[in-house]
Structures are given as structure tokens and as C-alpha cells.
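Below is one structure, written out as C-alpha cells; comments come after it.
Atoms considered below: every heavy atom in the structure, side chains included; atoms not considered: hydrogens, waters and symmetry mates. Quick caveat: nothing in here was measured; it's all calculated off a predicted structure. Reminder, nothing fancy here: chain letters follow the sequence lines and each chain counts from 1.
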There are 2 protein chains.
Amino acid sequence: MKINMYIIGHKNPDTDAIVCALIAADYFTQLGMEVTPIRLGELNKETEFILKHLGIQAPELKTELEQDAKICLVDHNEKSQSIDELEKYQIEWIIDHHKFSLNTATPLNIRAESLASTASVLYKMYIENDLEISKKIAKLMICGILSDTLYFRSPTTTTIDKQIALALNEIAGFEDLEAFSLQMFDAKSDLSDFSAREIVTLDYKPFEFNGKKVNIGVMETTNPKFALDIKSDILEAMKQEKLEQGLDGILFVAVDILNEKGTAFTLDEFEINMIESAFDSKKLEDNLFDIGSVVSRKKQIVPKLESYFA
Amino acid sequence: MKINMYIIGHKNPDTDAIVCALIAADYFTQLGMEVTPIRLGELNKETEFILKHLGIQAPELKTELEQDAKICLVDHNEKSQSIDELEKYQIEWIIDHHKFSLNTATPLNIRAESLASTASVLYKMYIENDLEISKKIAKLMICGILSDTLYFRSPTTTTIDKQIALALNEIAGFEDLEAFSLQMFDAKSDLSDFSAREIVTLDYKPFEFNGKKVNIGVMETTNPKFALDIKSDILEAMKQEKLEQGLDGILFVAVDILNEKGTAFTLDEFEINMIESAFDSKKLEDNLFDIGSVVSRKKQIVPKLESYFA
């Protein structure tokens, strides 16, 4: 069985997208397939810290493949979040944990669960197929779970994710998971090198709600003051993004990981109406809303916008 | 864990839709959930024969559920093929083997594989979860596989489906699978009670190809002459369906199971252009085309129409 398949995480890759491309590559290799993990963009600082700490190389950056290449999407399923010209390729597999928005011409393999991290879904697939989880893979899986759950703080966290992380640590042997997660989050929070535009688009996903194109950037940080201090630069960057991408709306949310609260940056009337109607929000100052204990784009932001635009 | 979830096969249920609702009910019950299998329409004669032969009761007919009911879709994933007002319910699970066309507001559990039958997908889930496959469940699984593969004749058949059917027969103990499948197909082919309208819509699914609404009916039969003899009645029934359902196109294909060939009934210019462009077809007489060894809607008809309308 010689199947050359590329394993692809989403654009603006976060830690889960990167580690799951590496994990899925090991998974399919153990099943006897020839596969190549790739990434669609630069690593964020958290992922950079993790891979450096673990001594593991990042998947190759590759934003175009040969026509009709076989692909496996990990950690996403929407065309807009995937490789450009997705229709040129054959989607063979999807492994994910997000809401679904997908049209295919032929049947394919999908494994999706509403767990906190794609790494948790992959863990179950290893167990079901009786595959070996090496120390390296166990570490990558834990990092995916810690990153997506914000060390089990996010409301996306299930008891299963926690059990999986603890079971994996029997193999991985991290001495103190919480301390390690703090190092990850601190690495991610160091945005001193970045322009406001880069900050807005660092963890950034496009959505379509009932025909409206809305992009949502999230900054998960242990230092939310950083974003508030450069508010006018962030608003300017959002304005440019909205214009250049032809968006109906744009939202940027600074998530205070340690205190579990979200602050939303809104641009114009469109975003202000959206935030005021969709969330029980408190206006802090012009273009800035306290949206309470909102830390998860997937569980707390996107479903509310789905309802708002329905 | 007391979760009340309904398990739903598609509209115009075929054998796989019915047996998989029953199988999935057993699966989730073994996992400790409270579930109820239902069906959205009358049994076809094949399914009726099978359930009577096995002494198993059909799922309850139920076309409306309480608001916000939890549901599991088996053997389909498209809104148009599912329960009316699907948006009123919470899709918790999808177990399927078709092309995907789905939008959800929140993450969910999906298990899809490009195997020939949803019963094969469910078999793998039993094995992975180390659940017991009773004699009754093994028989239902085999019937799902035999029906969807037309006794391993359909090009959707994989070596995995065959292996699964043979492994299951160690439990089920059918003496002669091929002879039993012939009884199934003969039962399905007895259409003497049905009107032309009922024949067109017996195994009938709506599709949307690039905005065009096209319904496709398939008659799998050991006696294709039956349909050819009532051609004018079938065309009249197709005309009524197209008008009443506001369709862009309608297609009816008589599939000769034993000789593995398809005969397409076309209504007007729209369907004739579609059949002539999408298939290497031979006109037999007005509104009737020999489309060669086409037996599978999923693998041989729908993908070609996807390409034609793309």
C-alpha cells in the first residue's frame, strides 16, 4: 500500500494544526502509507517554543501541491481555511473537532469528534488501531491538548481530553504539565516582534455566516494589556484587513488566558451591532467591549455569531 | 449517562438506512446511552422481506420530533435527504459513507468512510469499541452490505466490505449468501403493487448540483423489463414530480442487477443534455438511454453529474 498523501493543517496554523499534521503522519505511516505532513504558514511563537523544546522539526511549508494530489485535512474542514484551490486536490481524509461546513463530490473518510483538540481524536484512533504511541508522539499530543484547552480552562475541555492528557503523560513524562503550559502561553504572549497587522492575523480564521464573510482573530495571551496599549494600531490593521479582503465584518478578541476573559475589538457599526446583539457585552470604551468569560472562538464566539446571522 | 437520542436513516429508506438505524441503536445502547431508532418512510419490499425473514421489527415511523431533540443521522448527511426542519434538532452524530454536504453551527461526532455500506462502518466501530456483535446484529449488517453492494457487484464494493461480510457470516450463519441475496433482490423487484409514481420515488434522493435541484430515482431490479414496459407511465410520473417539487431536473435509472447495466429515463432537453454530456450513453429510443454498466448512483451517477454541473 503505497499511497502518497499530504497531511495539511489549517492556514495561520496554531499548535494543534502543526502537531496534528506530525501526529497524523506517524499514524498513517504506522498503517503502511507514505505520507508527508505540511504547513500552510509560519509557526506561532507557542508552536516554535514547543518544537524547539522537544527537538522536533516543523512540517515543511508548502502552499501548492501537484494537481490531484491526495490530501488529509487535520484540525479544519472548511475550504476557506484550507490550502488555496482545494478543488484541485482529492480529499481522502478529514480528522477534526470543529463545526462542519463541507461539500465533496465523492465519499471520503471523516473522523470528527466534539473533543477539545484534534490531538485527542488522533489519540483515540491510535488506541482503536492498536498502534504504538512513542514518547515523541505523546508529547506532541499533550501539547495539542494543552494549547487548545488553555490548560483545561477552555469550555471546550471535556473529561475525556483531561483523561487522555494524563494517560499520555505516563508516556511523555512531563514533570509539571501546568508549569509547562505556562511556558507555552508566555512564549505565545511575546508579541514584541509583531506589527499590529500581524497580531490581528496571527490566529485568524475566515467564516461565512449566512453569506456574510466575517474573519475572526483571537489573541490568547497571559498579557492582555499588550493589545489594549496599541488599540488604535489594531483598529487600523482591522480596517485594512476588512478592506483588502472584502469582508462584511472583522472581529478581534484578546483572550486573557489566566483570568479567562475576553475583550472584543470592533471596527464599525456592523461589528458593534454584532457584538452587542450576540453577546451580553459591556462597552468599555469606543470600539472595545468586555464580553465576559469568553475564551473559546469555537464554543463561545462562532456559535453565537451563527445564531445572530441565522 | 442517560442520553435520549433518535437514530434516523434517510427519507425513502432503503435497506441500509433501516438496518443501520437498528444496528446503531444496539451500538449506542451497549455504550450506555438511551436511544430510539426511527424511520422516515415506508419500507421497500426488500427491507420488508429481510425483517420478516429475520423476525425483527422495523424502527418506528416518526417524521417529527420534539424541538431540540438529539439526533444521529445514519446513511446520509444532507439536509434535503433528512427529517424535515433538521435545523430544529441537535445533530450529535453522523455515521455515513456518502459524499458530504453539510453545515453545522457546532462541532459534532462524524464517522464516515468510503466503504460500500454504512453497516460496514458500524462493524468497524463495534470492533474498535470491543462491543459484542449478536447473531441478530450480524444478520442485519450482512443485509446492509448485500443490499448496498448488490451482492458485491457494485463498484462501491471494497475488499474490506467483502471481508466484513464473510467475517460476520461466522456469527450470522447464512447458509448461502448469494442465494439469500437473490431472494432479497427478487423481493425488491416485485413492483406489481406500485404505481409508476411510486416506482420513480421508491429509491429516490434529492441533490443540489451547483444550485440546480436534481432528484434521482433508481430502480434496482432483477426484472428491468418491468420498467421498460410502462415507459410512458414512468415519464408521466417524472413530469409530475418535476413540476410539483419545482426541480431543475429529474432522472430515473433502471438498474439491471444481474447483468449490471443501467437504463436512464430522461424527461426533456435538460435531462437529455445532462445524460448525453455526463455519460458515454447510447440512445435507445426517445427519452431512453443505455448508460452502460452503471449500477451505482453514489459512485457512477452522482460524481458524473457533479462534474457536469461544476
Side-chain angles (χ1 to χ4, degrees), chain A residues 1 73 75-79 87 90-118 120-121 124-130 148 156 158-160 207-211 296 298-310, chain B residues 1 73 75-79 87 90-118 120-121 124-130 148 156 158-160 207-211 296 298-310:
Chain A
M1 180 167 45
L73 310 183
D75 202 36
H76 71 295
N77 66 76
E78 304 197 26
K79 179 175 153 47
E87 54 285 351
Q90 295 181 47
I91 309 176
E92 295 277 311
W93 260 99
I94 293 176
I95 304 169
D96 194 18
H97 69 130
H98 292 94
K99 79 186 187 77
F100 249 72
S101 181
L102 182 73
N103 268 285
T104 68
T106 50
L108 72 167
N109 301 299
I110 305 177
R111 179 61 183 258
E113 296 201 30
S114 51
L115 295 175
S117 139
T118 302
S120 296
V121 180
K124 291 183 73 175
M125 294 169 72
Y126 272 77
I127 298 299
E128 287 160 5
N129 284 281
D130 228 350
D148 266 14
T156 56
T158 69
T159 50
I160 295 169
F207 293 89
E208 211 173 297
F209 300 112
N210 209 353
S296 163
K298 185 166 82 166
K299 195 106 173 180
Q300 296 168 315
I301 298 175
V302 169
K304 285 196 170 152
L305 297 185
E306 284 272 359
S307 303
Y308 171 66
F309 287 106
Chain B
M1 179 167 45
L73 309 184
D75 201 38
H76 72 295
N77 65 76
E78 305 197 26
K79 181 177 154 41
E87 55 285 351
Q90 295 180 51
I91 308 176
E92 296 276 310
W93 262 99
I94 292 176
I95 304 168
D96 196 16
H97 68 132
H98 292 94
K99 80 186 188 75
F100 249 72
S101 182
L102 181 73
N103 268 286
T104 68
T106 51
L108 72 168
N109 301 299
I110 306 178
R111 179 62 182 260
E113 296 200 31
S114 50
L115 295 175
S117 138
T118 303
S120 296
V121 180
K124 293 183 73 175
M125 294 169 73
Y126 271 78
I127 298 298
E128 287 160 5
N129 284 281
D130 229 349
D148 267 14
T156 56
T158 70
T159 50
I160 296 170
F207 292 90
E208 210 173 297
F209 301 113
N210 210 354
S296 163
K298 186 165 83 168
K299 196 108 175 180
Q300 297 169 314
I301 300 175
V302 170
K304 286 197 169 146
L305 297 185
E306 284 272 358
S307 305
Y308 170 66
F309 288 106

Check step by step if side chain to side chain contact (heavy atoms under 4.5 Å, CB included) holds for I94(A) and L102(A). CA-CA 11 Å; I94(A) 293 176; L102(A) 182 73; 3.5 Å; yes

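The most heavy-atom pairs under 4.5 Å with chain A, out of T156(B), N109(B), N129(B), come from N109(B). Counting heavy-atom pairs closer than 4.5 Å to chain B, the top residue among E113(A), K99(A), H97(A), E87(A) is K99(A). Of the listed residues (L305(A), T104(A), N103(A)), the one with the most heavy-atom contacts under 4.5 Å to chain B is T104(A).
Taking 4.0 Å as the cut-off between side-chain N and carboxylate O, K124(B) and E128(A) do not count as a salt-bridged pair.
Ring planes of F100(A) and F100(B): tilted class, angle from 30 to 60°.
Using a 4.5 Å heavy-atom threshold, the side chains of I95(A) and M125(A) count as touching.
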